[in-house]
Each structure stands twice: as structure tokens, then as C-alpha cells.
Number of protein chains: 2
Amino acid sequence: MKYIDKLRNSGLRPTKQRLQICKVLFDTEKTFHFTINELEHKIKEKIDNKISLATVYNTVHAFEKKGYLKQIPINSNQTYFDTNVTDHHHFYDLNDQRLIDLENSDVGPINIKKKINGKRIKSVEVLVKLED
Amino acid sequence: MKYIDKLRNSGLRPTKQRLQICKVLFDTEKTFHFTINELEHKIKEKIDNKISLATVYNTVHAFEKKGYLKQIPINSNQTYFDTNVTDHHHFYDLNDQRLIDLENSDVGPINIKKKINGKRIKSVEVLVKLED
DNA sequence: ATTGTTAGTTATAATTATTATAAACTAATT
DNA sequence: AATTAGTTTATAATAATTATAACTAACAAT
Ligand SMILES: [Mn+2]
Ligand SMILES: [Mn+2]
Ligand SMILES: [Zn+2]
Ligand SMILES: [Zn+2]
């Protein structure tokens, strides 16, 4: 019911596929960082019926547009998404190619002193690259 | 001569193509942020002979490996590169899709309090997204 | 419930950035 | 000059993503 309302309230029809993808994405306490490819595999594991790749793409983009997912800037051949849509910082493990959330309290306050005329700051995010 | 030595010293042959690309990339005081596509256009403007796309890719990757260029993590369909290879922060103008360097003095020191066992910090970079 | 309307799903094709291939060429070395 | 290894190039292959269009499911109105 939770996801049915969530989808209806944002003008998205609660289809079987979307509800199943919701479960995979949001039925967990931990932040989930993923590529479409990884999400597809997780769906196959957890769900018995098939969801087409096009639907996975469509759903992820629909959810992103509605603010339930955000894209994470990482240089990879695939796009990374995040179920944590707040502004937040990341560790990126270069060896494992894994993203890990940093709490805002893990990073001191960041003071941007420079200003650009006519532009305002939308977000400030830190990427901390890790290696062994 | 400048670039001939630079290339020779890093074990790259100073070919006509590489020297011309060097001029486009490094003959400027300002940091140059670019995609392969943008670089290709700039080459066509500034150079009369033709350089094949494969060579542009090869050269950019060779220069990146030698530490003359670095990749910038930005969500785009194309990969961004930077002639400023030091660890530094960026403004990213979401409207113009343009990267602008921040001086380290424009951002106060950043204190990462969390640690991951067995991993060490390789870089800490801030991305400040701007909009109108 | 039946119907019509609209949104969503799907298989598949198209697109596009990037990488691989292999032959031709060029710079460096002997 | 001849040899060698590195580089360039046109072109093909790859792979992530997006577009297409027929089919299907959700929903509102009757
Ligand atoms: Mn990319
Ligand atoms: Mn990217
Ligand atoms: Zn995150
Ligand atoms: Zn820069």
C-alpha cells in the first residue's frame, strides 16, 4: 500500500513492474547506490516474473524526475543512481568501484567563498576517492 | 620545443598530431575543461590539417595516463577532461553545462572525519552545482 | 460491468560515445 | 639505409542509452 500511494500521489500509475522495482529500491534501511545493470540483476534475483530493460530505464528516469532517485556524478561507463536524494557526500572506493555515503556530520561545514554573478548555489557535494 | 621535450621526457614520440593537440590544450593560461567532441572542434578551428578522431582519443588517454590531463566526474553523456591536474574543486553551471575551477582558497579546508579500514584517501574534491 | 481513453510495457531498432583492429606510416635506433 | 617499435588512420565493433510502435493494463466515465 505504501508504494501504491507514493506512486499515485506523484501521478504515476502503480503498475506491477513499478511496485516490484520500488521494493528492490526502497525496501531497505541502507542507501542503495546502483547502475541500471546492477539494478536489473537485483530485480532478477528478487522477482520471479520478467521486467524488460526498457521498463527499468523508464522507471528509473520517472523516479528520478519525481525526486525519488538522483544521479551521482562518477566517471564510469555506466550512470550511477542513489536512493538517498538529499545533498550528501560520498566515498568512492576506486578498487571496488563502490560508493559509500558520508553523513553530513562526517564532513565539516563547507564554505564556498567565491560567487558567480547571476548564479546561485544549488548543491555542494564532496567526493572522497579511496584506494587500498 | 617546449612540447617536444615534454613528450620525449615522458616516453611519447613528439608527432605532428600530438604537438598540435598540445598547443590546443596547453597554450593558454586558463584551465581548459573539455569533452572529446569539444576538443575535436577546437582542433578543427585552429589547425589546417586533419587529425583523426581515433588519434584524438588516443592522445587524450595517453596524456591522461602520463598525468597531463585528468578526468572530471560529471554526469553527462560525454566524459569531461581537465588540463588542471591538481586536486581542485569545481563550479558546474547546470544551465550552460560549463565547468569552472575553484581555487583551493575559495573553499575552506575540508575535514573528513570518517575512516574506512584499510583504505586511504586519495583525493577530496567538491562539486558546487550552480543554476540561474 | 462495459467502454473508451490514456499511460505504461515490451521487443526491438536506432543512436551515440567509446574502444578495438589492422594496415599504412613515421620517428628513432642501429 | 635498413630495422624496429610506436603512431596514425579509416573503419568496424562494442555497449550504454534512447526511440519506436504495437500491445496491454489502469482508470474514469458511463
Ligand atoms: Mn560516462
Ligand atoms: Mn559520467
Ligand atoms: Zn549516496
Ligand atoms: Zn578544473
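So that the names make sense, note that chain A is the first sequence line, chain B the second, and so on, each numbered from 1. Side chains are part of it too, since the values below use all heavy atoms of this structure and drop only hydrogens, waters and symmetry mates.
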Novice: For the helix from C/dA1-D/dT30 to C/dT30-D/dA1, what is the angle between the axes at its two ends, each from 5 pairs, rounded to 10°?
Specialist: 20°
Novice: So B/I36 and B/V56, do their side chains get closer than 4.5 Å, heavy atoms only?
Specialist: yes
Novice: Please identify each residue that fulfils side chain to side chain donor-acceptor pair (under 3.5 Å) with B/T55, with sequence neighbours left out.
Specialist: B/S52
Novice: With sequence neighbours left out, write down each residue that passes ring pair (Phe, Tyr, Trp, His ring centres under 6.0 Å) with B/F81, or none if nothing qualifies.
Specialist: B/F34
Novice: At a cut-off of 3.5 Å, list every protein nitrogen or oxygen paired with a nitrogen or oxygen from nucleotides 10-13 of chain D, distance to 0.1 Å.
Specialist:
residue	atom	partner	partner atom	Å
D/dA10	OP2	B/K50	NZ	3.0

Novice: A/S10: which residues meet the side chain to side chain donor-acceptor pair (under 3.5 Å) condition with it, sequence neighbours left out?
Specialist: A/Y68
Novice: For residues 107-117 of chain A, tabulate all N or O donor-acceptor pairs below 3.5 Å that involve a side-chain atom, not counting sequence neighbours.
Specialist:
none

Novice: Under 3.5 Å, which protein N or O atoms sit close to an N or O of nucleotides 23-25 of chain C? Give each pair with its distance.
Specialist:
none

Novice: With the criterion being N/O to N/O and under 3.5 Å, what pairs connect the protein with nucleotides 26-30 of chain D, and how long is each?
Specialist:
residue	atom	partner	partner atom	Å
D/dA26	N3	A/R13	NH1	3.3
D/dC27	OP1	A/R8	NE	3.1
D/dC27	OP1	A/R8	NH2	3.4
D/dC27	OP2	A/R8	NH2	3.3

Novice: Side-chain donor-acceptor pairs under 3.5 Å in residues 23-32 of chain A, sequence neighbours left out?
Specialist:
residue	atom	partner	partner atom	Å
A/D27	OD1	A/Y3	OH	2.6
A/T28	OG1	A/K30	N	3.2
A/T31	OG1	A/D101	OD2	2.8

Novice: Under the side chain to side chain contact (heavy atoms under 4.5 Å, CB included) rule, collect the residues that match up with B/K44, sequence neighbours excluded.
Specialist: B/E40
Novice: Show the distances under 3.5 angstrom between N or O atoms of the protein and N or O atoms of nucleotides 13-17 of chain C.
Specialist:
none

Novice: Can you list everything that forms a side chain to side chain contact (heavy atoms under 4.5 Å, CB included) with A/T15? Sequence neighbours excluded, please.
Specialist: A/R13, A/Q17, A/R18
